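Everything on this sheet refers to the single structure shown next.
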2 protein chains.
Amino acid sequence: MNSENPTLAEKLATAIADGILNGSLPPGLRLDEMGLAEQHGVSRTPVREALRQLSLSGLIDMRPRKGAVVSKATPDQVENLFVAMAEIEATCARLAAISMTPVERRRLQARHEGMLALAKTGDTGAYSDANVAFHSSIYTGSHNAPLAEFALNLRRRVGPFRRAQFQVEGRLLRSNQEHDAVVRAILSGDASGAHAAMLHHVSLVEDAFEAFAATNAA
Amino acid sequence: MNSENPTLAEKLATAIADGILNGSLPPGLRLDEMGLAEQHGVSRTPVREALRQLSLSGLIDMRPRKGAVVSKATPDQVENLFVAMAEIEATCARLAAISMTPVERRRLQARHEGMLALAKTGDTGAYSDANVAFHSSIYTGSHNAPLAEFALNLRRRVGPFRRAQFQVEGRLLRSNQEHDAVVRAILSGDASGAHAAMLHHVSLVEDAFEAFAATNAA
DNA sequence: GGCATCTATCTTGTATGCAATCTCGGACAT
DNA sequence: ATGTCCGAGATTGCATACAAGATAGATGCC
């Protein structure tokens with residue numbers, strides 16, 4: 001939304017969101033306004049506005065007179081998040097194949113080739129960061145602000161559940177191969193091909209998550 | 001979101017949203033908190049929370065210390081809204097073709113057949129209402145809450161720009177024919193067919209809007 | 001006459017206070 | 001012993017009050 005927004009409410013919203021995304025505010029935790037207020041050294045008013053904002057992004061649930069809690073997602077809801085994410089990413093890729101400018105296409109290719117080096121090195125952290133940038137550039141490449149915004153929001157929401165995906169052995173190189181199919185389709189303007197390739201890629205991420213979750217649950 | 005939410009902020013949010021959607025609050029209008037407050041007979045606090053909520057749905061734009069204005073969309077942005085809408089609706093239709101329960105499928109068919117009668121009668125208002133319900137049932141039929149929510153949000157945002165679409169002569173029957181293709185694909189579980197049919201349908205709506213806008217601009 | 005600047009006023013952002021509602025613990029009745 | 005009802009405490013929702021930044025008009029200067 002508003003990137004440079006110096007109001008306390010905005011800063012609190014991002015601070016609380018960070019807390020939720022990095023796990024320091026676990027799902028199900030009750031967020032009482034008073035506590036958050038004095039914890040951040042402000043009054044209740046900006047806290048209230050931040051909470052209202054977060055509730056619309058789906059990160060927390062607010063019930064009329066019962067306060068706010070960090071959204072506790074059921075497995076079904078997480079599954080839906082991943083499905084929605086895959087669909088939206090695929091749609092963005094399709095539009096990007098049609099709408100990207102030559103400059104954007106060249107940048108996408110350069111970024112992709114840079115990631116191949118990272119994948120070979122096995123630098124998980126750097127690859128993860130580059131991966132976020134890679135996908136984001138496809139969102140913006142769709143040249144459709146509402147879709148791109150929604151994609152970013154979904155990405156934030158699935159973040160807590162996909163943290164360890166690149167830990168799986170060999171995932172980096174496979175990810176790069178899948179990216180390769182996506183990039184080739186986009187560069188050649190193959191809309192449906194880009195859609196299919198991205199859907200395949202993100203669905204595999206989902207599978208990786210499920211495998212990871214299954215091993216952790218066992 | 002929260003359907004039965006008796007807080008003033010929620011009621012104000014829907015009231016202001018209605019005002020924007022029905023045109024009584026035209027795009028570009030400045031929304032000063034004080035004015036809205038005494039206009040609705042409340043204090044500024046719930047107004048502020050309502051505005052913050054609306055800003056996240058994209059209906060209004062808020063800038064840090066400069067207040068809120070009703071979103072004034074450029075033609076490009078409106079175009080993007082329609083494109084996003086078409087893509088999301090098509091995605092919902094595809095998922096619906098896969099995920100709808102037998103009961104939902106039968107209800108969809110019944111609703112669709114009922115609309116044929118309305119189209120023949122030429123009852124524009126009733127058809128329009130039924131049309132909203134028809135599309136909404138496909139959103140929920142996707143069994144994917146995030147996507148359905150986003151679709152509803154987009155529908156609200158494009159609302160102001162598609163008000164007169166059914167006024168075009170013969171649009172009702174053509175709409176019904178297009179629905180027929182969508183319904184048939186969904187009922188038969190033809191995922192890609194449902195996607196294509198819905199994309200086609202909504203894109204035609206977009207064309208109708210553009211024709212309408214062109215005639216008005218001329 | 002035009003433009004910059006300064007100030008007065010207005011609007012927004014934040015804090016605090018009060019009323020209504022919900023939660024939770026205990027007492028009482030069955 | 002268990003279920004129900006009631007009341008105190010706590011928390012949310014709303015209103016009001018205060019502070020800070022922005023806008024606009026006027027005034028002085030070029």
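Each chain gets a letter, A, B and so on, in the order its sequence line appears, and its residues count up from 1. Note that the coordinates shown come from a computational prediction; the quantities given were computed from them, not determined experimentally.
Distance, Arg63(B) CZ to dT23(D) C1': 13 Å, rounded to whole Å. In this entry the distance linking CD of Glu49(A) with P of dT12(C) reads 12 Å, nearest Å.
Against DNA chain C, the stretch residues 31-39 of chain A makes no heavy-atom approach under 4.0 Å.
Among residues two or more places apart in sequence or in another chain, the salt bridge (Lys or Arg N to Asp or Glu O under 4.0 Å) test is passed with Arg44(B) by Glu33(B). Partners of Glu87(A) under the side chain to side chain donor-acceptor pair (under 3.5 Å) rule, at least two apart in sequence or in another chain, are Arg94(B). Taking the ring-ring contact (aromatic ring centres under 6.0 Å, His included) definition, one finds that His195(B) meets it with nothing, sequence neighbours left out. In this view, Tyr139(A) satisfies the ring-ring contact (aromatic ring centres under 6.0 Å, His included) rule with no residue, not counting sequence neighbours.
Between the side chains of Asn131(B) and His179(B), at least one donor N or O lies within less than 3.5 Å of an accepting N or O. Side-chain contact, Ser142(A) with Asn144(A): no donor N or O sits under 3.5 Å from an acceptor N or O.
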Test log, rule side-chain hydrogen bond (donor to acceptor under 3.5 Å, both in side chains), inputs Ser24(B) and Asn22(B): CA-CA 6 Å; Ser24(B) 68; Asn22(B) 72 22; 3.2 Å; yes
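When heavy atoms are screened at a 4.0 angstrom cut-off, Arg30(B) is found touching the sugar-phosphate backbone but no base atom.
Heavy atoms from other residues, nucleotides or ligands lying under 6.0 Å from CZ of Arg156(A) number 12 at most.
For Leu8(B), whose side chain is taken as the heavy atoms from C-beta onward, the closest listed nucleotide among dA15(C), dT12(D), dC14(D) is dC14(D).
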Per-nucleotide protein contact string for nucleotides 16-23 of chain C (B base, S sugar-phosphate only, - none; heavy atom under 4.0 Å): BB--BSSS
